[in-house]
Amino acid sequence: MSDTTLALGPVQLELRHLPAPADAPPDRSPLVFLHEGLGSVAVWRAWPATLCTATGRAGWVISRQGYGRSSPIQDVRGPARTLPDGQRAGRLSPDYMHHEALQVLPRVLARIEVHAPVLIGHSDGATIALIHAAHHRVAACVVLAPHVMVEDISVRSIAEARQAYLTQGLRERLARYHDDVDGAFWQWNDVWLSPEFRAFDIRAEVRGIRDPLLAIQGLQDLYGTLAQVDDLAAAVPAARLLTLAGCGHVPHKEQPEAVNAAIADFLAPVR
C-alpha cells in the first residue's frame with residue numbers, strides 16, 4: 001500500500017494504491033474506489049484491501065476534492081462560480097456528480113494509466129460510477145447503495161444528518177477523516193437539501209451502460225429504498241442485483257463477507 005497525491009492543475013487529490021496479490025494474474029483490470037458523500041480514502045478503512053485480495057486485483061482509492069486530505073473547495077456555502085485558475089468554488093450545483101464522472105474521473109484515470117477500470121462506488125460514488133459507465137467503457141461496475149433519483153427517505157435522512165452535525169457530535173467524528181471537515185459536510189448536505197436537486201434523475205441516462213454491472217442494496221437502508229436498484233435493473237436489464245436483509249446504507253462494512261463473495265463471483269470472468 002502506498003499513499004500519495006495526484007495533481008490535476010492546482011488541485012491535489014489524495015490517492016492510495018493497493019498492489020495486487022502476489023499470485024494474481026497480471027492482466028486483470030484494477031479496482032477504482034469512489035467514496036460516498038462524506039467519505040474519503042480513510043473512511044473506507046481496510047475494506048478496499050480486503051476486496052483486492054478477494055478478487056486478485058490491484059486497487060486505487062481516491063478522495064474527491066474537498067474530502068479527506070485532498071485540496072479544499074473554497075467558500076463551499078457561497079455562490080457557485082469558477083475561479084481564474086479553473087477551479088470550482090462555492091456551493092455545488094445539482095450536476096456535481098456528472099462533473100465528477102465526466103470531467104474529473106477521466107482525467108484521474110488517464111493520469112494513473114488505468115484505461116478499463118472496475119469501478120467500485122458507494123452512495124454518491126456509486127452514482128458517479130454509473131454516470132461514468134453510461135458514457136465510457138469500463139471493465140465492470142459495482143455499485144453499493146446507488147442513487148438513480150432522489151427519494152423522500154434520502155432527504156429526510158440527510159436533514160437528520162444536518163442536525164447531527166450541528167448538535168450531536170457528528171462534526172467531531174468526521175473531523176478525524178477530513179482536513180476541512182466543514183467543507184466536506186456542507187458541500188454534500190447543502191446540495192442534497194436544495195430544492196433544485198429534487199429533480200436529479202439518471203434513470204434514462206444509465207440505459208447507456210453496456211458493461212457488466214452489479215448493484216448491491218441493503219433492505220434497511222435509511223438513505224434509499226429498493227426502488228433505486230429496481231429502477232436501475234429496469235434501465236439495464238443485464239444488471240445483476242444483490243439485496244441484503246438486515247443491512248443498511250453501508251453493505252461493505254455491515255456485511256463484508258457476503259459483499260466480498262458476491263463481488264468476487266461477479267468479477268471472476270472479467271479481465
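What you are looking at is a predicted structure, and each value in this text was computed from that prediction instead of being measured.
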Could you give me the CA-CA distance, side-chain angles and deciding distance for R240 and D265, then say whether side-chain contact (heavy atoms from CB on, under 4.5 Å) is met?
CA-CA 11 Å; R240 186 187 300 187; D265 178 70; 3.0 Å; yes
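- Of all non-hydrogen atoms in A101 and I128, the two that sit nearest each other are CB-O, 3.3 Å.
- Not counting sequence neighbours, D180 has no partner by the salt bridge (Lys or Arg N to Asp or Glu O under 4.0 Å) test.
- Nearest heavy atoms, A262 versus L214: O-CD2, 4.1 Å.
- To the nearest 0.5 angstrom, R203 atom CZ is 11.0 Å from L232 atom CG.
- E151 approaches T225 most closely through the heavy-atom pair OE2-OG1, 2.5 Å.
- Under the 4.5 Å side-chain heavy-atom criterion for ILVMFWY residues, a single connected hydrophobic cluster contains both V155 and L92.
- Pairs passing the side-chain hydrogen bond (donor to acceptor under 3.5 Å, both in side chains) check and including a residue from residues 102-119, sequence neighbours excluded, do not occur.
- In this structure, CG on L6 lies 8.0 Å from CD on Q12, to the nearest 0.5 angstrom.
- Looking at V11 and V104, their side chains never come closer than 4.5 Å, going by heavy atoms from C-beta outward.
- Applying side chain to side chain contact (heavy atoms under 4.5 Å, CB included) to L34 and the options T127, L105, V108 leaves one that passes, L105.
- In this view, E205 and H98, H135 satisfy the side chain to side chain donor-acceptor pair (under 3.5 Å) rule, not counting sequence neighbours.
- Judged by distance alone, with hydrogens and angles left aside, the side-chain atoms of R57 form no donor-acceptor pair with the main-chain N or O of C52 at under 3.5 Å.
- Between P256 and T50, the closest side-chain pair of non-hydrogen atoms is not below 4.5 Å.
- Every residue two or more places apart in sequence or in another chain was checked for a salt bridge (Lys or Arg N to Asp or Glu O under 4.0 Å) with R173, and none qualifies.
- Between V206 and L213 the shortest side-chain heavy-atom distance does not fall below 4.5 Å.
- Side-chain contact between P117 and L109 is present, with at least one heavy-atom pair separated by less than 4.5 Å.
- Applying the ring-ring contact (aromatic ring centres under 6.0 Å, His included) test to pairs two or more places apart or on separate chains, those with a residue in residues 221-248 are Y223-H249.
- D124 is listed as a side-chain neighbour of H147, based on a closest heavy-atom distance under 4.5 Å.
- No side-chain donor-acceptor contact under 3.5 Å links Q187 to the backbone of I73.
- Distance alone, capped at 3.5 Å, places no donor-acceptor pair between the Q217 side chain and the T243 backbone.
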With a cut-off of 3.5 Å and sequence neighbours excluded, list every side-chain donor-acceptor pair involving residues 24-33.
from: D27; atom 1: OD1; to: R271; atom 2: NH2; distance (Å): 3.0
from: R28; atom 1: NH1; to: T55; atom 2: O; distance (Å): 2.8
from: S29; atom 1: OG; to: A116; atom 2: O; distance (Å): 3.0
from: S29; atom 1: OG; to: R271; atom 2: O; distance (Å): 3.1

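- A search for ring pair (Phe, Tyr, Trp, His ring centres under 6.0 Å) contacts involving H35 returns Y67, not counting sequence neighbours.
- Residues I263 and L119 do not share a hydrophobic cluster, defined by chaining ILVMFWY side chains whose heavy atoms lie under 4.5 Å apart.
- Heavy atoms only, all atoms of each residue included: V76 and G183 are closest at CG2-CA, 3.7 Å.
- Linking Ile, Leu, Val, Met, Phe, Trp and Tyr residues whenever their side-chain heavy atoms come within less than 4.5 Å leaves L267 and V138 in two separate clusters.
- Ring-plane geometry between H17 and W60 is classed as tilted, the angle between the planes lying from 30 to 60 degrees on a 0 to 90 degree scale.
- Remark: R207 pairs with no residue by the salt bridge (Lys or Arg N to Asp or Glu O under 4.0 Å) rule, at least two apart or across chains.
- L102 places a side-chain heavy atom less than 4.5 Å from the side chain of I131.
- Note on L242 and V229: separate hydrophobic clusters, where clusters join Ile, Leu, Val, Met, Phe, Trp and Tyr whose side-chain heavy atoms are under 4.5 Å apart, directly or indirectly.
- Hydrophobic clustering (side-chain heavy atoms under 4.5 Å, transitive across Ile, Leu, Val, Met, Phe, Trp, Tyr) keeps L241 apart from L244.
- The CG atom of L174 sits 10.0 Å away from the CG atom of D182 when rounded to the nearest 0.5 Å.
- Classification of D75 and R81 as a salt-bridged pair holds, one side-chain N sitting under 4.0 Å from a carboxylate O.
- With a 6.0 Å radius and a threshold of 12 heavy atoms from other residues, nucleotides or ligands, E257 has its CD atom at or below the threshold.
- With sequence neighbours excluded, the residues that form a salt bridge (Lys or Arg N to Asp or Glu O under 4.0 Å) with D152 are R198.
- Residues satisfying the ring pair (Phe, Tyr, Trp, His ring centres under 6.0 Å) criterion with Y165, sequence neighbours excluded, are F185, W186.
- Side chain of S154 to main chain of V150: no donor-acceptor pair is present (N/O by atom type, distance under 3.5 Å, no hydrogens or angles).
- Taking every heavy atom of both residues into account, S63 and L13 meet most closely at O-CD2, 3.7 Å.
- Side-chain atoms of E14 and S40 form no donor-acceptor pair, as typed in the model, at a separation below 3.5 Å.
- Without hydrogens or angle criteria, N189 side chain to I158 main chain gives a donor-acceptor distance under 3.5 Å.
- In this structure, NE2 on H132 lies 10.5 Å from CD1 on I209, to the nearest 0.5 angstrom.
- To the nearest 0.5 angstrom, D221 atom CG is 12.5 Å from I216 atom CD1.
- The main-chain N or O of S123 is never found under 3.5 Å from a side-chain atom of E36 such that the two would form a donor-acceptor pair.
- Contact check for I120 versus W47: side-chain heavy atoms found under the 4.5 Å cut-off.
- Summarising the geometry, atom OG1 belonging to T4 is positioned 6.5 Å from atom CG belonging to L15; distances are rounded to the nearest 0.5 Å.
- The shortest heavy-atom contact between L144 and P251 is CD2-CB, 4.1 Å.
- Listed by chain and residue number, S93, D95, Y96, H99 satisfy the side chain to side chain contact (heavy atoms under 4.5 Å, CB included) test with R88 (two or more places apart in sequence, or in another chain).
- With contacts defined as side-chain heavy-atom distances shorter than 4.5 Å, the pair E254/V259 does not qualify.
- Judged purely by atom type and a 3.5 angstrom limit, S157 uses its side chain to pair as donor or acceptor with the backbone of I153.
- In this structure F197 satisfies the ring pair (Phe, Tyr, Trp, His ring centres under 6.0 Å) test together with W192, F200, sequence neighbours excluded.
- In this structure a side-chain-to-backbone donor-acceptor pair under 3.5 Å is present from Q228 to M149.
- Other residues, nucleotides and ligands contribute only 12 or fewer heavy atoms inside 6.0 Å of the CZ atom of R45.
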